[in-house]
Every structure is written in C-alpha cells, then in structure tokens.
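Right, one structure below, let's go through it.
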Amino acid sequence: MRKILFTALLVSLISLSGCNQRANTYFEKKLTFPDLLISDQKVKLSAYVVPTQNQYEWQRMELAAFIHFGINTFTGKERGDGTEDPALFNPTDFDAEQWVYTLQEAGFKMIILTAKHHDGFCLWPTKTTSHSIASSPWRNGLGDVVREVKEACDRHNMKFGIYLSPWDRNAESYGDQRYNTVFAQQLTELLTNYGEIHEVWFDGAHGDEHDSKVQRYDWLHFYQVIDSLQPGAVKAIMGNDVRWVGNEDGSGRETEWSTTPLQPDISDIIINENIRLGISPTAEDLGSRDLIAEAKTIHWYPSEVDVSIRPGWFYHPEEDQAVKTLPELVDIYFRSVGMNSVLLLNIPPDKRGRLHETDTELLREFGRYITQTFENEKITNSDMEWKARAGESREYNMIPDETINTVMLQEDILKGQRVEEFIVEGWINNEWIELARGTTIGYKRLLRFDDVTVPKLRITIAGTRDIANISKVGAYHAPHLDEGVDAHPDDRVSD
C-alpha cells in the first residue's frame with residue numbers, strides 16, 4: 001500500500017467544505033482508518049482503495065475454468081476418504097490439449113486444476129507422499145497431470161492456477177503441526193517446478209463430522225511461500241486477494257462491493273473482527289456505508305463465483321443428461337460476470353481424461369452466444385470516459401433502428417469503486433422511460449430488460465461515494481433463448 005501522510009490525505013480527499021479538488025492518491029488493497037475519522041470520511045476514503053496489479057489482471061479475465069479431476073473420477077465419489085488405491089487412476093485417452101482448446105474457444109482465460117482434493121491424491125509426482133500418480137499405472141508411473149496441463153496452457157497462452165486442498169484425508173500427519181510442513185512442501189513443489197502460476201485456490205475445509213482430526217492451518221506461512229515463489233499469483237478463497245461469493249449456484253449479489261472489511265479467517269484477530277462486524281463470505285452486506293462506518297480496516301477483496309456445469313464437481317456418467325442448458329449458463333454469466341465478479345465454472349473431465357462431448361458442445365454454444373451478444377455495440381459513443389458526480393446524467397446516441405435488451409456499465413476500478421446507485425432510461429415517445437436500475441457497478445455490471453428500440457439512452461449516476469470514473473457504457477441485443485432467461489426478473493421494467 002502506498003503510504004502518505006494522513007494530514008495531507010485529510011486535506012486532499014476529505015473536503016468538508018465542498019472543495020472540488022481531489023488528490024491523485026490511492027491505497028492498494030488495504031486501508032486502516034485513523035481513529036479520529038467520522039463515518040462519512042471513512043466512506044469517502046473507501047472510494048480510494050484500489051486493486052493491486054495482480055487483482056486487476058485477475059478481474060479482467062472474467063471467465064476461468066475449474067477442473068476437478070482425480071481419484072474421484074474413477075471411484076464415482078464426490079469426496080474420497082484417502083484410502084483409495086492409486087492404481088485406480090488410469091485415464092485411457094488423456095488430452096490436456098483438448099481441455100485448453102475447448103475452453104479457450106469458449107472465451108475462458110484461465111484453468112484452475114485440482115492438483116489435490118480432500119482425498120490427498122496428488123496429480124503430480126510429489127516427494128511428500130506415495131499417494132500420487134507416481135503410484136498409478138498411468139504413463140507407467142511417470143505421468144504428471146499438472147505438467148501436461150500447464151504445458152498445454154502455455155502453448156495456447158492460457159493462464160494456469162492450482163487448487164490444493166488443505167484438508168488431506170490420506171496424510172498420516174494431518175491433525176498436528178507436522179502436516180503444515182507437508183502442505184508447505186507441496187505448495188513449494190507446485191510453485192517451483194511448473195513455471196508461472198496465476199492463481200492459488202484453497203478452501204478452509206478442516207474435515208466433517210466423521211473425522212476425528214482437526215488441523216489448525218498455518219495460513220501466514222502458506223502466504224509467505226506463495227508470495228516468495230509466485231509473486232504474480234492471486235491467493236483465492238482462503239487467500240486475501242480473491243474472496244468466495246458465498247454460494248455455489250452461480251450468483252453474485254445485487255450489491256457487490258469489491259471494497260469490504262471482510263478478510264479470510266486465517267487468524268484469531270481477523271476471526272474476532274469478522275464476528276464483531278457480523279460478516280462472513282455468505283453475508284448479504286459486505287460493503288454498505290453502515291458497515292464501513294463500523295470497520296477499522298477496508299480491503300480490496302473482489303468476488304469469485306464458482307459453480308459446476310454438472311450437478312457434481314467430479315465427472316459421473318449418470319449426470320451426462322443433467323448438464324446445464326445454454327439458457328442456464330448464460331443466466332449464470334449475467335449473474336456473475338454481470339455483477340462485478342469473475343466466473344469460475346467447473347468442467348470435470350471423464351475417465352478418458354477428456355471433457356465430455358455434451359459439455360464441449362455446450363461450451364462452444366456459450367462462447368458463440370457471448371461473442372455474438374457483445375461484439376455488436378449499439379451505442380455510437382460508448383467508450384467516452386465520464387467523471388460523474390452524484391445526480392449527474394449523460395445521454396448516449398444509439399445506432400438508428402437497432403433493438404437492444406442489454407446495457408453494460410463499467411467503472412475504472414484502478415480509481416476505486418464508487419457508484420452506489422444508477423438508473424438507465426430510454427427515450428420513448430418523447431419522454432424518458434426507465435429501463436433498469438441498479439446499485440453497484442464495479443468492474444462490470446450487466447442489466448437486461450425487454451427488447452426496445454430507442455434513439456438514445458440516458459444514464460444517471462444517482463449515488464456515489466465520490467466522483468465516479470465511468471469507463472464504458474454499452475448497449476447490446478442478447479439473442480433470445482428457448483427457455484426465456486434472456487431477461488432477469490430483477491432487471492425487467494415493471495408493467
């Protein structure tokens with residue numbers, strides 16, 4: 001975080017006299033409030049918290065793919081118990097190239113691979129355990145799934161991340177401090193031997209009611225390992241760069257703030273502060289004015305939405321007829337990417353080691369749909385930057401006779417997230433008619449409404465935390481889909 005003298009900050013950023021001058025000073029990732037600030041000052045200062053470059057590049061991806069592949073693929077389980085025979089792992093036609101090509105064609109920018117799930121089976125030849133593919137017949141025990149996927153990603157300029165489950169039901173040391181050393185060694189192997197890693201993803205699972213062992217993880221040490229070996233990687237979920245949205249159904253919040261007092265529960269101090277504020281990843285309110293007024297520290301901690309293309313996270317042949325439909329997947333896109341989040345969509349390979357044909361066809365359709373929707377801009381002046389004060393409006397001219405049903409708004413988040421309320425109107429029969437409204441924008445907000453043909457749109461920034469930096473306003477026509485999810489009920493115009 002760039003540090004500046006607080007007195008200068010107070011003069012430049014918090015002008016109680018209504019001065020228009022604003023300092024060109026921002027706080028990367030974190031800001032601790034001085035005790036003397038009043039509520040309005042804290043809210044205004046929160047508008048100057050911005051992402052790190054790593055967080056910003058992560059947000060711009062919009063789409064990432066989760067790959068759950070491992071011993072569960074061959075046992076039919078969702079959660080293994082760690083006693084599985086490694087000989088069961090033997091994909092018959094493993095093809096990482098097919099994964100990467102299919103996902104890239106659909107618009108995905110990164111693959112996150114489950115290098116180890118809760119069963120403890122490692123998809124690389126680790127030195128920490130024999131419970132790995134080195135003990136399997138695949139590639140005569142010489143295989144390395146992590147390496148093959150990473151090399152395929154490199155060939156296609158696809159980013160690569162790893163999911164390493166902290167919960168390990170196979171490790172004999174799990175439940176005492178020795179396991180933290182083992183886990184750090186596994187992290188070190190993955191972050192040292194495979195080139196650049198862009199995201200490290202781990203949940204905080206400790207076990208369930210059937211497990212007697214409870215592990216206290218040394219998160220601060222794990223952070224040090226990641227930051228020292230892969231300084232360009234974002235730490236997700238139990239990391240402090242990217243947070244879990246709070247559900248697994250593909251939905252962001254209607255009001256999704258990237259600036260929040262929330263931090264992952266990695267220490268007693270943080271746990272107690274989250275309890276004091278009444279917040280958790282599943283809380284509905286993570287960034288309101290009232291919450292910021294009570295907070296001691298504010299963070300740039302953006303949302304990632306994870307959901308599976310199938311009912312399960314691992315491949316099960318009985319689910320081949322239960323894959324999400326194109327309308328469902330498009331709706332998830334609008335409720336995640338379109339609500340200031342990155343979508344992490346799980347697509348599990350089958351026993352062959354390939355993405356199933358049902359999934360790949362859906363992904364191709366999805367990629368074509370998103371491209372078709374957003375490659376045809378209907379506004380003639382959509383990329384004009386706009387420094388918007390609360391209550392200000394701007395009109396946008398439409399290409400004549402074009403029908404629209406979707407509007408995109410974006411803030412320049414390198415200058416903070418500031419919009420609290422906005423309204424979208426169309427010029428219809430010589431008057432402004434409301435088409436949609438919303439609260440937060442952040443990196444990207446998408447709103448859907450019924451088809452309408454208008455000569456111009458008007459955007460009103462009804463509420464802000466400081467001057468809002470609107471980087472883009474776009475209008476599009478999203479093709480209609482058979483199941484009628486081309487408009488979200490919350491965004492439709494009331495009859």
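The model shown is predicted, which means the values in this text are computed figures rather than measured ones. When a residue number appears, it is its place in the shown sequence, counting from 1.
Using the six-membered ring where Trp is involved, Tyr333 and Phe366 have ring planes that are perpendicular, over 60° apart on the 30 and 60° scheme.
Judged by distance alone, the side chains of Glu377 and Tyr476 do bring a donor and an acceptor atom under 3.5 Å apart. A donor and an acceptor atom, one from each side chain of Asp249 and Ser251, are located under 3.5 Å apart. A donor atom on one side chain and an acceptor atom on the other are found under 3.5 Å apart for Ser165 and His118. With 3.5 Å as the limit, one finds no donor-acceptor pair spanning the side chains of Tyr179 and Asp218. Between Glu57 and His198, the side chains place no donor N or O within less than 3.5 Å of an acceptor N or O (distance only, hydrogens not considered). A side-chain donor-acceptor contact under 3.5 Å links Asn346 and Ser308. For the residue pair Asp451 / His480, a side-chain donor-acceptor distance below 3.5 Å is found, with atom types taken as modelled. A donor atom on one side chain and an acceptor atom on the other are not found under 3.5 Å apart for Gln186 and Thr126. When only modelled atom types and interatomic distance are considered, Trp257 and Gln417 share no side-chain donor-acceptor pair under 3.5 Å. Counted by atom type alone, Glu189 and Trp124 present one or more donor-acceptor pairs between their side chains at under 3.5 Å.
The closest donor-acceptor contact from the side chain of Glu319 to the backbone of His316 lies at 3.5 Å or more, if one exists at all.
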With salt bridge (Lys or Arg N to Asp or Glu O under 4.0 Å) as the criterion, how do Arg352 and Asp95 come out once you've worked through the C-alpha distance, each side chain's angles and the decisive distance to 0.1 Å? CA-CA 8 Å; Arg352 298 172 300 173; Asp95 192 350; over 6 Å; no
